[in-house]
Each structure stands twice: as C-alpha cells, then as structure tokens.
Peer 1: 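Questions regarding the structure given below will be posed in turn.
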Amino acid sequence: MSIVVENISRRFGGFTALDRVSLETKPGEFLALLGPSGSGKTTLLRTIAGLDFADEGHVLFDGQDMTGTPAAERRIGFVFQNYALFRHMTVADNIAFGLTVRKRRDRPAKAVIAAKVAELLELIQLPQLGDRYPAQLSGGQRQRVALARALAIEPQLLLLDEPFGALDAQVRKDLRGWLRRIHDETGLTSIFVTHDQEEALEIADRIVVMRGGVIEQVGTPREVQAEPATAFVSSFIGETNCLPVTRASGSAMVVQGLAVLPDTSRGEGAGELHIRPHDVELAAPGAPDALTVTVVTSRPIGRSRRITVAMAGLAEPLTFDLPVDASAATGDVLNLRPTHYRIFAKI
C-alpha cells in the first residue's frame with residue numbers, strides 16, 4: 001500500500017509540531033522517520049495512524065482520503081515502545097486480541113484464530129511460549145509478541161513508534177535485523193520512528209530526516225550519509241567536522257585563507273565546510289587545497305588510525321581517520337586534503 005501525506009500541519013497551542021509536511025511512501029517500503037526529540041516524527045506517525053488528527057492537510061492510502069477516518073477503520077498494525085500488552089492475558093490471547101474483539105459477523109472462527117496465533121508464534125520464533133504471561137518474558141520477547149499482535153489483524157500498514165527504545169543495546173541490535181526479515185517476509189509497507197541513526201541506516205529502505213516539524217531530507221541511507229541536503233543532516237547523520245569558510249567566485253577560503261577549496265555550489269559569503277572523518281588523504285606540505293594541522297592524539301582503531309588534530313584559527317579539535325599504518329604521532333604537523341566534502345551557507 002502507498003501512503004501520501006499532503007501538507008500536514010499540527011499545532012498544540014503555540015507549538016507547531018508539523019509544518020506543511022508532505023511525504024509519499026512506496027508499496028512494500030520500509031521507511032524510517034529519524035530526528036531528535038521534538039522533531040515531529042511521532043506526531044506524523046500518529047497522524048498517519050489516525051490516533052491524532054491534523055489541523056490542515058490530507059492523508060491518503062492508495063489514493064483514498066483517510067484524513068477523517070478513525071484509527072479502528074484504517075487497518076493499521078501499531079507497535080509501541082512500551083509493548084502495551086495485557087498483563088492478565090497469555091501470550092496467545094494477547095496475539096489473538098484484535099481478532100477476538102471484532103464484531104460477531106467479522107470475527108473468525110476459534111479454530112481459525114488459533115491457527116493464526118500458532119502461525120505468528122512461529123514467525124516471531126516463540127512457538128513454545130503461547131501459554132506464558134508477559135511478566136514471564138524478557139523485554140525482547142515482549143516486543144516480538146507486540147509485533148505479532150499487530151500482524152494478527154492482517155494490516156495494510158505497519159507503524160512502529162520507537163519499538164526498541166526500552167531495550168538494551170545488544171537486544172536492540174539483534175531485534176532490528178529480525179524486524180527487517182519480518183518486513184521482507186510479510187511485504188507490508190512499514191513506517192518506523194527512531195532517534196537512533198544506526199538503527200535507521202541499518203534497516204530502512206529510505207530515511208526521512210526531520211527537525212522542528214519539517215522534513216530536512218528524504219533519501220536512501222547512502223544518500224543521507226554521502227550527500228546530505230542540509231547542514232543539519234550532515235551534522236546529525238554520522239560524524240562530521242565543521243569549519244568556517246568564506247565563499248566567493250566558486251572557491252571556499254578556509255579559516256582566514258589557510259586553505260582554498262573549490263565550491264561547486266558557487267555560493268557567496270559566510271559558509272560551513274563539512275568533512276567526514278574518513279574523507280581526507282595526506283598531502284604534500286604547502287598544498288593550497290590541504291589543511292595544515294597538528295596531531296593531538298593518535299590511536300589505531302581496527303583498520304584505521306583515528307587522530308584528533310588542532311588547526312590554527314579553530315578553538316575546537318577536529319577528528320580524522322587515516323590508514324592504520326600512517327605516520328601520525330602526537331605533535332606531528334600534517335597536511336590533510338579533503339577528498340569529499342559539502343559546503344553549506346552559514347545560517
């Protein structure tokens with residue numbers, strides 16, 4: 001199923017949670033809404049689900065306007081961070097709940113419900129735990145049950161709001177790979193809210209980066225990492241070094257002329273140079289397009305050598321990665337040429 005969000009705005013008193021947000025998903029896509037707290041990602045998810053309603057704009061499912069349709073009529077599976085399982089019900093009864101509460105004319109037979117529950121217990125790899133209660137399960141197991149309950153109603157769309165937020169790091173890592181496999185097996189369109197960029201980069205087909213109620217960029221994990229559309233995306237996704245530049249006539253002068261780099265955007269005035277730690281190479285002394293720096297710390301990390309360096313005119317140190325066998329001891333003066341970088345206007 002495809003989802004189209006058209007110019008959605010949502011305000012709470014004087015606070016604008018969403019400001020004319022537009023977005024479109026592809027059928028069967030796994031989309032991640034990523035951003036810091038307060039960016040509007042959960043409000044957008046709840047608006048798509050029908051758990052909240054926009055002040056302006058429209059939500060369409062496969063071209064059908066669902067803007068005023070209640071959540072119960074949207075055939076959506078929703079998974080919450082806190083599991084929201086019924087403690088007095090067994091695992092099997094929790095999974096079956098959405099089917100057993102249907103109106104009599106729409107309710108499947110008990111045998112059909114039992115078969116569906118057994119199928120889902122196999123899918124979430126907990127086939128022997130149907131008779132247990134939520135209190136008898138680990139956090140990761142509870143979240144799997146919550147997902148099975150969402151899938152039991154055979155939803156058109158799966159929405160997940162920080163589903164792993166309450167779990168420890170190793171369990172999160174294990175479950176996100178499992179979630180991606182479930183998504184691929186079911187073929188559902190899925191929208192996933194997270195503030196964890198590693199999580200979004202690992203499992204999403206595309207990432208929607210949000211800040212302050214607006215969308216900063218929509219792209220594949222590679223695109224938002226390698227070709228960030230804004231300075232915020234560049235700083236928020238992965239590590240980056242930020243240096244002040246002066247832009248003029250297709251060039252960017254770094255820190256009072258200590259280096260001059262081509263500026264393909266041909267902007268004018270004050271700007272910011274963003275360089276990922278791994279996007280540099282050693283250059284000869286005096287190279288005009290290289291940064292002259294002094295090594296403050298140097299240590300091997302896997303196949304790279306991580307160095308922090310000081311640069312004249314900058315108060316904060318910079319961090320770069322060189323080949324592990326590079327000669328870069330504390331106190332050495334190096335010339336580092338950026339091999340890939342982005343320049344943004346200073347805001």
Side-chain angles (χ1 to χ4, degrees), residues 1 3 5 8 10 12 15 17-18 21 23 25 29-54 59 61 66 69-86 94-95 97-98 124 134 137 139-153 155-169 171-180 182-183 186 188-216 218 236:
M1 183 173 69
I3 311 298
V5 173
I8 289 290
R10 183 70 172 104
F12 298 94
F15 174 70
L18 296 173
V21 169
L23 178 66
T25 72
E29 182 176 34
F30 200 126
L31 195 73
L33 305 182
L34 175 66
S37 297
S39 60
K41 53 190 187 295
T42 292
T43 301
L44 178 56
L45 193 77
R46 290 177 61 85
T47 302
I48 293 171
L51 298 174
D52 199 356
F53 292 94
V59 176
F61 289 4
M66 305 291 287
T69 304
E73 298 176 22
R74 296 195 185 193
R75 280 193 61 196
I76 287 175
F78 205 113
V79 181
F80 300 90
Q81 177 178 337
N82 63 355
Y83 323 127
L85 298 177
F86 299 109
N94 265 282
I95 295 173
F97 180 77
I124 64 172
L137 305 180
Q141 289 172 333
R142 291 180 206 171
Q143 196 55 281
R144 292 187 187 208
V145 174
L147 178 59
R149 184 178 61 182
L151 294 174
I153 62 170
Q156 302 180 88
L157 174 67
L158 182 62
L159 304 179
L160 306 103
D161 188 10
E162 301 268 13
F164 306 143
L167 305 174
D168 63 51
V171 175
R172 289 174 70 110
K173 190 170 184 178
D174 293 341
L175 282 185
R176 61 185 183 233
W178 170 81
L179 176 61
R180 179 67 216 206
I182 296 292
H183 167 82
T186 61
L188 286 173
T189 301
S190 303
I191 304 178
F192 177 87
V193 162
T194 182
H195 65 272
D196 185 328
Q197 57 181 268
E198 182 182 340
E199 208 159 71
L201 292 168
E202 181 177 332
I203 66 177
D205 296 315
R206 286 191 303 156
I207 297 173
V208 180
V209 184
M210 300 186 67
R211 179 180 66 152
V214 301
I215 293 175
E216 294 265 337
V218 181
F236 186 71

Peer 1: Kindly give the heavy-atom pair with the smallest separation between F78 and L45, and that separation in Å.
Peer 2: CZ-CD2, 3.8 Å

Peer 1: Measuring only between side-chain heavy atoms, which start at C-beta, is L158 closer than 4.5 Å to V79?
Peer 2: yes

Peer 1: To the nearest 0.5 Å, how far apart are CZ in F164 and CG in D174?
Peer 2: 10.0 Å

Peer 1: For H183 and F30, take the angle between the two ring planes, folded into 0 to 90°, and tell me which bin it lands in: parallel under 30, tilted 30 to 60, perpendicular over 60.
Peer 2: perpendicular

Peer 1: Checking side chain to side chain contact (heavy atoms under 4.5 Å, CB included) for the pair M66/E73: CA distance, chi angles, key distance, verdict?
Peer 2: CA-CA 9 Å; M66 305 291 287; E73 298 176 22; 6.0 Å; no

Peer 1: For the pair L34 and V208, evaluate side chain to side chain contact (heavy atoms under 4.5 Å, CB included) and give the outcome as yes or no after the intermediate values.
Peer 2: CA-CA 6 Å; L34 175 66; V208 180; over 6 Å; no

Peer 1: Output the distance between atom CD1 (I124) and atom CZ (R144), rounded to the nearest 0.5 Å.
Peer 2: 7.5 Å

Peer 1: Are any non-hydrogen side-chain atoms of I215 and V209 less than 4.5 angstrom apart?
Peer 2: no

Peer 1: Taking Q143 for the side chain and P163 for the main chain, is one N or O donor matched with an acceptor at less than 3.5 Å?
Peer 2: yes

Peer 1: Measure the spacing between OG1 of T189 and CG of L157 and express it to the nearest 0.5 Å.
Peer 2: 6.5 Å

Peer 1: How close do F12 and A17 get, counting heavy atoms only, and between which atoms?
Peer 2: CE1-CB, 3.6 Å

Peer 1: Can you see which heavy atom on M210 is nearest to which on L44, and at what distance?
Peer 2: SD-CD2, 4.1 Å

Peer 1: Using the side chain to side chain contact (heavy atoms under 4.5 Å, CB included) rule, take V59 and I8 through it: C-alpha gap first, then chi angles, then the decisive distance, then the call.
Peer 2: CA-CA 8 Å; V59 176; I8 289 290; 4.0 Å; yes

Peer 1: If you define the side chain from C-beta out and look only at heavy atoms, does anything of N94 sit under 4.5 Å from P134?
Peer 2: yes

Peer 1: Is there a side-chain contact between V218 and I207 (heavy atoms, below 4.5 Å)?
Peer 2: no

Peer 1: Is the closest side-chain heavy-atom distance between L188 and P155 below 4.5 Å?
Peer 2: yes

Peer 1: Salt bridge or not for E202 and K173, using N-O below 4.0 Å?
Peer 2: no

Peer 1: Could you check if a side-chain atom of R149 sits within less than 4.5 angstrom of a side-chain atom of L85, using non-hydrogen atoms only?
Peer 2: yes

Peer 1: Donor-acceptor check, side chain of R211 to backbone of P36, threshold 3.5 angstrom: yes or no?
Peer 2: no

Peer 1: So, R172 and D196, do they make that salt bridge, N to O below 4.0 Å?
Peer 2: yes

Peer 1: Could you pull out the closest heavy-atom pair between A71 and L51, with the gap in Å?
Peer 2: CB-CD2, 3.9 Å

Peer 1: As an exercise, state the distance from CD1 of I153 to CZ of R75, rounded to the nearest 0.5 Å.
Peer 2: 7.5 Å

Peer 1: Where the side chain of T194 meets the backbone of A200, is there a donor-acceptor pair that is under 3.5 Å apart?
Peer 2: no

Peer 1: Ignoring hydrogens, what is the shortest heavy-atom contact between F236 and H195? Give both atom names and the distance.
Peer 2: CZ-O, 4.4 Å

Peer 1: So, for L18 and G40, which heavy atoms are closest and what is the spacing to 0.1 Å?
Peer 2: CD2-O, 3.4 Å

Peer 1: Once rounded to the nearest 0.5 Å, what's the spacing between atom CD1 of I182 and atom CG of L147?
Peer 2: 6.5 Å

Peer 1: Check whether any side-chain N or O of R74 sits under 3.5 Å from a backbone N or O of I48 as a donor-acceptor pair, and report yes or no.
Peer 2: yes

Peer 1: Do F192 and E199 have side-chain heavy atoms sitting under 4.5 Å apart?
Peer 2: yes

Peer 1: State the OG-CD distance between S39 and E216, to the nearest 0.5 angstrom.
Peer 2: 10.0 Å

Peer 1: For T47 and D52, which I'm curious about, is there any donor-acceptor pair between the side chains at under 3.5 Å?
Peer 2: no

Peer 1: Side chains of D205 and L31, heavy atoms from C-beta outward: is any pair under 4.5 Å?
Peer 2: no

